[in-house]
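Chain letters run A, B, ... following the sequence lines, proteins first and then strands; every chain starts at 1. Since this is a predicted model, take the numbers as computed values, not measurements.
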Amino acid sequence: MSEFKYEVLHECKQTGARIGRLTTPHGVIETPVFMPVGTMASVKSLSPEELVETGSQIILGNTYHLYLRPGSDIIEKAGGLHKFMNWDKPILTDSGGFQIFSLSSMRKITDEGAMFNSFLDGSKHFISPEKSMDIQRQLGSDIVMAFDECTASGTDYEKSREALERTLRWLDRCSKVDFKGKQMLFPIVQGNMFADLRLESLKRTIPYAKCGLAIGGLSVGEPKPVMYEMLDILKPHYPKDMPRYLMGVGSADCIVEGVVRGIDMFDCVLPTRVARNGTAMTFKGDITIRNAQFKDDFTPVEEGCDCYCCKNYSRAYIRHLINTDEIFGGRLLSIHNIHFLHRLVGQIKDAIRNDRLLDYRNEFFKNYEFRREQDKCLSEI
RNA sequence: GGGAAGAUUCCCGAGUGGCUAAAGGGAGCAGACUGUAAAUCUGCCAGCUUCGCUUUCGGUGGUUCGAAUCCACCUCUUCCCA
């Protein structure tokens, strides 16, 4: 008996974007949702209590990294990832598929699986779909991602097709595992930047999707309009009764554009990574708090933000912390950035509820300043 | 009073006749970051009218085709002995 279900509560009349409820063994997730990434069983620098305070409902963990350290058997012995890291809300684990992409210089893929040289000590490790499922079973995550092959932007048609076919063959093997209703497998759509491959991948992936599916292989270096185009192509063909998860996205603008295009779930390292590097995400765009112009700016990071960071600290103070390599600076900006994305999603939900997401989108981009010219290209809806 | 060492571009610190506007580090400034090998990485960092020119290595004056580098004196700093 599965403990999972997804209900659509409202569909925006302007865009078809939905408000929904995804029920998992560790609680209910309201969608659309942004999921902070905690690769190593920790959303870098934040405690679970702080995460909850920012409004986080679910976080990510990573199969490959946790398998290498401390070892998935240790986590199983601890009673699972939730208990190990003191997080009792839902967890989604990535399969290690993304590491095939990001650690491409030290792996070898065959149909059987992927052979990695550990970045820790160079030792060889083999991850197959079965192995990935087994590790994720040990971790005990609520949502288990299929082991897929993610390709980089610029990969040619033939290679993209091969990766797509392999991802489907691997998916079939992943789907053989019985998680006894305690964990839910999300299959992943691939196809790089080729419309026909994307559509074919979706069509052949849907039969495996029971309570959610993911779009992978986007935001891998392609221009944003290309990503939006891929999402536009897929939009009419999703099953209605499950959430769609756009993997690895993102920035505020991509989240707005994503929801408009039918996406319900997002995850990204951006808010936490960028925070540690001295950048704040705001409704007016990214602000490099590290810059000299803020040295005597005693206003909060974002006026009107009710996060712990903005309620108590100034830009000048955070700039000082960042510039003196004080960990607290990165923590404060991480808290703000994650809270900001949750707040953004909250506004998006209000707009869906009022059937005015398209209007909201236009209002959002009126205030949002892009740093780079090439990101300004708003595509047609 | 005697002896020793030394003064280098914001700081520390290489450099001991041309390849030196001067290594390296730090600081400073800026940029990047999208299923995290990232509290990381990259660029700039004497000035200018920037494919070239001008001013720089404590000061002054020499030697030399050419000096941060050699010589003389001066100023200052540190250390040791009285």
Side-chain angles (χ1 to χ4, degrees), chain A residues 34-46 58-66 68-69 91-107 116-122 132 136 141 143-153 167 186 188-190 214-224 227 245-255 257-258 263 265-279 281 286 288-295 318-319 321-334 337 341 371-372 374-375:
Chain A
F34 173 76
M35 308 180 282
V37 180
T39 303
M40 305 277 192
S42 166
V43 175
K44 292 189 191 302
S45 86
L46 301 190
I58 169 174
I59 59 173
L60 264 71
N62 186 281
T63 294
Y64 180 63
H65 290 285
L66 294 173
L68 287 182
R69 276 191 312 196
I91 294 178
L92 180 153
T93 42
D94 192 21
S95 61
F98 186 71
Q99 277 60 46
I100 291 178
F101 165 71
S102 65
L103 304 177
S104 58
S105 60
M106 39 177 118
R107 51 83 170 144
F116 288 98
N117 280 102
S118 162
F119 59 86
L120 297 170
D121 59 7
S132 174
Q136 294 186 74
S141 50
I143 298 172
V144 168
M145 296 310 299
F147 190 63
D148 65 330
E149 184 182 348
C150 178
T151 53
S153 167
T167 296
F186 273 34
I188 304 173
V189 172
Q190 288 291 344
I215 319 300
L218 289 178
S219 198
V220 287
E222 78 282 10
K224 287 181 183 182
M227 174 170 85
Y245 162 30
L246 177 57
M247 305 185 76
V249 172
S251 56
D253 55 311
C254 289
I255 289 176
E257 295 284 19
I263 302 299
M265 301 168 70
F266 302 86
D267 81 281
C268 199
V269 306
L270 206 58
T272 47
R273 178 182 291 173
V274 133
R276 276 176 273 120
N277 296 331
T279 296
M281 301 165 92
D286 288 349
T288 309
I289 292 292
R290 165 168 49 77
N291 285 4
Q293 66 178 119
F294 301 112
K295 65 174 185 286
I318 294 163
R319 172 187 132 85
L321 294 179
I322 294 286
N323 282 278
T324 50
D325 292 322
E326 286 294 336
I327 309 165
F328 194 41
R331 284 192 58 207
L332 287 173
L333 285 180
S334 292
N337 286 350
L341 289 182
R371 281 211 269 219
R372 300 185 307 177
Q374 68 253 43
D375 288 337

Quiz item: Rounded to the Å, how far apart are A:R319 CZ and B:rG28 P?
Solution: 8 Å
Output one line per pair: protein atom, nucleotide atom from nucleotides 38-42 of chain B, and distance, for all N/O pairs under 3.5 Å.
{"from": "B:rA38", "atom 1": "O2'", "to": "A:R276", "atom 2": "NH1", "distance (Å)": "3.2"}
{"from": "B:rA38", "atom 1": "N7", "to": "A:R273", "atom 2": "NH1", "distance (Å)": "3.3"}
{"from": "B:rA38", "atom 1": "N7", "to": "A:R273", "atom 2": "NH2", "distance (Å)": "2.8"}
{"from": "B:rA39", "atom 1": "OP2", "to": "A:R276", "atom 2": "NH1", "distance (Å)": "2.3"}
{"from": "B:rU40", "atom 1": "N3", "to": "A:N277", "atom 2": "OD1", "distance (Å)": "3.4"}
{"from": "B:rU40", "atom 1": "O4", "to": "A:N277", "atom 2": "OD1", "distance (Å)": "3.0"}

Quiz item: Are side-chain N/O atoms of A:Q190 and A:T167 paired as donor and acceptor at under 3.5 Å?
Solution: no
Quiz item: Taking the nucleotide of RNA chain B with the closest heavy atom to each, which residue, A:A292 or A:L103, is nearer the 5' end?
Solution: A:A292
Practice problem: Determine the contact category for A:L60: base if any of its heavy atoms lies under 4.0 Å from a base atom, sugar-phosphate if only primed atoms, P, OP1 or OP2 are that close, otherwise nothing. | Solution: sugar-phosphate
Practice problem: Using atom CG of A:N62 as one end and atom P of B:rA37 as the other, report the distance to the nearest whole Å. | Solution: 7 Å
Quiz item: Hey, does the side chain of A:T39 come within less than 4.0 Å of B:rU36's phosphate (OP1/OP2), counting only N and O?
Solution: yes
Self-check item: A:S251 and A:D253: side chain donor to acceptor below 3.5 Å
Solution: yes
Quiz item: Between A:Q99 and B:rU36, does any side-chain N or O lie under 4.0 Å from OP1 or OP2?
Solution: yes
Quiz prompt | Span that lies between the P atom of B:rU9 and that of B:rU63, in whole angstrom | solution = 28 Å
Exercise. Please measure how far the C1' atom in B:rC80 lies from the corresponding atom in B:rG47, and state the result in whole Å.
Key: 44 Å
Practice problem: For A:M106, report the nucleic acid contact type (base, sugar-phosphate, nothing); a contact means any heavy atom under 4.0 Å. | Solution: base
Practice problem: Kindly indicate whether the side chain of A:D148 and the base of B:rG35 share any N or O donor-acceptor pair separated by less than 3.5 Å? | Solution: yes
Quiz item: Is the shortest side-chain N/O distance from A:N291 to OP1 or OP2 of B:rG31 below 4.0 Å?
Solution: yes
Self-check item: A:L270 CG - B:rU34 P separation (whole Å)
Solution: 7 Å
